[in-house]
Number of protein chains: 2
Amino acid sequence: MQIGAVARKSGVPAKTIRYYESVGLIAAARREASGYRSYGDPDVETLRFIQRARGLGFSVRQVGDLLALWQDRARHSAQVKALSIEHLAEIEAKIAALQGMRDTLEHLIEGCQGDDRPECPILADLAGSSGAETVK
Amino acid sequence: MQIGAVARKSGVPAKTIRYYESVGLIAAARREASGYRSYGDPDVETLRFIQRARGLGFSVRQVGDLLALWQDRARHSAQVKALSIEHLAEIEAKIAALQGMRDTLEHLIEGCQGDDRPECPILADLAGSSGAETVK
DNA sequence: CTTGACCTTCTAGTAACTAGAAGGTTTATT
DNA sequence: AATAAACCTTCTAGTTACTAGAAGGTCAAG
């Protein structure tokens, strides 16, 4: 299989596959006589695994760790769980930060007339007019 | 005031102030005979404004727009409101995406024993074992 | 023998900084 | 005067995870 076919089957763009190879997330592919990369079905599986893990927000580095565990028959599920819990915490922190922004923003937007006059509590807040503070 | 003082007063690191200048978010500062950048109190206010807007998640580009509106006496609050609503939508989209990840991840983590055995529903899911799907 | 669909590598751009290097200026102290 | 400490300057490069584009090689069909 050439890279285009793997890309179609896995859903990972060919450019991204080359990128993953370049950063060492996946092993360098065998080459055909032409110099074209050559893949097999297991490679498609690997790319799908990567795709899903990335979809859950794991960083490429974390995906590398997961991949290693996946391919390690002697792994302990505790390792996978620990990695996942760590990532979950990061996600929750991001959610909390975004919710803080959302709440403040919603509040400010509500207070803004949104007409052709210049008065605007959003700008007033950003300017530091002591009003509703930009989240603590 | 030199850049270090403004940095302390505004809370924006000197390097970041230079960066903001380099990308045109703030005007190039006047220079002292020495070549050092020179600032006044209004500059501190501007940087605080930027700081707060960034804290609400506005992109540097958006902050530039907000800054322009802030300094425009003829602005319409509707413009500010529109920009903010747009940004709020982006934030909510991010929150939703992260919540999807969190829910899936939580579910998978719950199902994982986390012991010294290799069986792991997290890896199984990533491998595409049809189980709990990686969010729809 | 040319067209089209593939493939290759390499460079650079994206967002928003941050770190570090190499070196100039100012102020205080010896 | 010399020197040290604390500032400041510019420039380069690294961070994350790709993506776009350029220039060019390969292969099958017409």
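Note that these values count all heavy atoms, side chains included, but never hydrogens, waters or copies made by symmetry. In what follows, chains are A, B, ... by sequence order, proteins preceding strands, each numbered from 1.
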Per-pair distances, 0.1 Å, donor-acceptor, side chain in residues 13-22 of chain B, under 3.5 Å, sequence neighbours excluded:
unit_1	atom_1	unit_2	atom_2	d
B/Glu21	OE1	B/Ala29	N	3.3
B/Glu21	OE1	B/Arg37	NE	3.0
B/Ser22	OG	B/Tyr19	O	2.7

For A/Arg75, side chain to side chain donor-acceptor pair (under 3.5 Å) partners two or more places apart: none
Should B/Leu66 and B/Ile50 be marked as a side chain to side chain contact (heavy atoms under 4.5 Å, CB included) after you check the CA-CA gap, both sets of side-chain angles, and the distance that decides it? CA-CA 9 Å; B/Leu66 288 171; B/Ile50 291 172; over 6 Å; no
How would you list, by chain and number, every residue that makes a ring-ring contact (aromatic ring centres under 6.0 Å, His included) with B/His87, sequence neighbours excluded? B/Phe58
Distance check needed: C/dG24 P versus B/Arg31 CZ, whole Å only. 16 Å
Check whether any side-chain nitrogen or oxygen of B/Arg37 sits under 4.0 Å from OP1 or OP2 of D/dT9, and answer yes or no. yes
Which pairs count as salt bridge (charged side-chain N to carboxylate O under 4.0 Å, His left out) when at least one residue sits in residues 86-100 of chain B, sequence neighbours excluded? none
side-chain contact (heavy atoms from CB on, under 4.5 Å) with B/Ala82: which residues, sequence neighbours excluded? none
Output all residues satisfying ring-ring contact (aromatic ring centres under 6.0 Å, His included) with B/Phe49, sequence neighbours left out; order by chain, then residue number. B/Trp70
What pairs with B/Glu45 under side chain to side chain donor-acceptor pair (under 3.5 Å), at least two apart in sequence or on another chain? B/Arg48
Protein proximity profile, nucleotides 17-30 of chain D - base contact B, sugar-phosphate-only contact S, no contact -, cut-off 4.0 Å on heavy atoms: BBSBB---BBS---
For B/Arg117, check side-chain contact (heavy atoms from CB on, under 4.5 Å) against everything at least two apart and list the hits. B/Gln113, B/Asp115, B/Glu119
On DNA chain C, more 5' by nearest nucleotide between B/Gly35 and A/Ala5 is A/Ala5
Expressed in angstrom and rounded to an integer, what is the separation of B/Glu90 atom CD from C/dA15 atom P? 12 Å
Kindly write out the residues that satisfy side-chain contact (heavy atoms from CB on, under 4.5 Å) with A/Gln71, not counting sequence neighbours, or none if the list is empty. A/Thr46, A/Leu67
What is the bend of the helix from C/dC1-D/dG30 to C/dT30-D/dA1 when you compare the axis at one end with the axis at the other, using five pairs each and rounding to 10°? 40°
Output the residues of residues 41-50 of chain B in contact with DNA chain D, where contact means a heavy atom of the residue under 4.0 Å from an atom of the strand; sort by number or write none. none
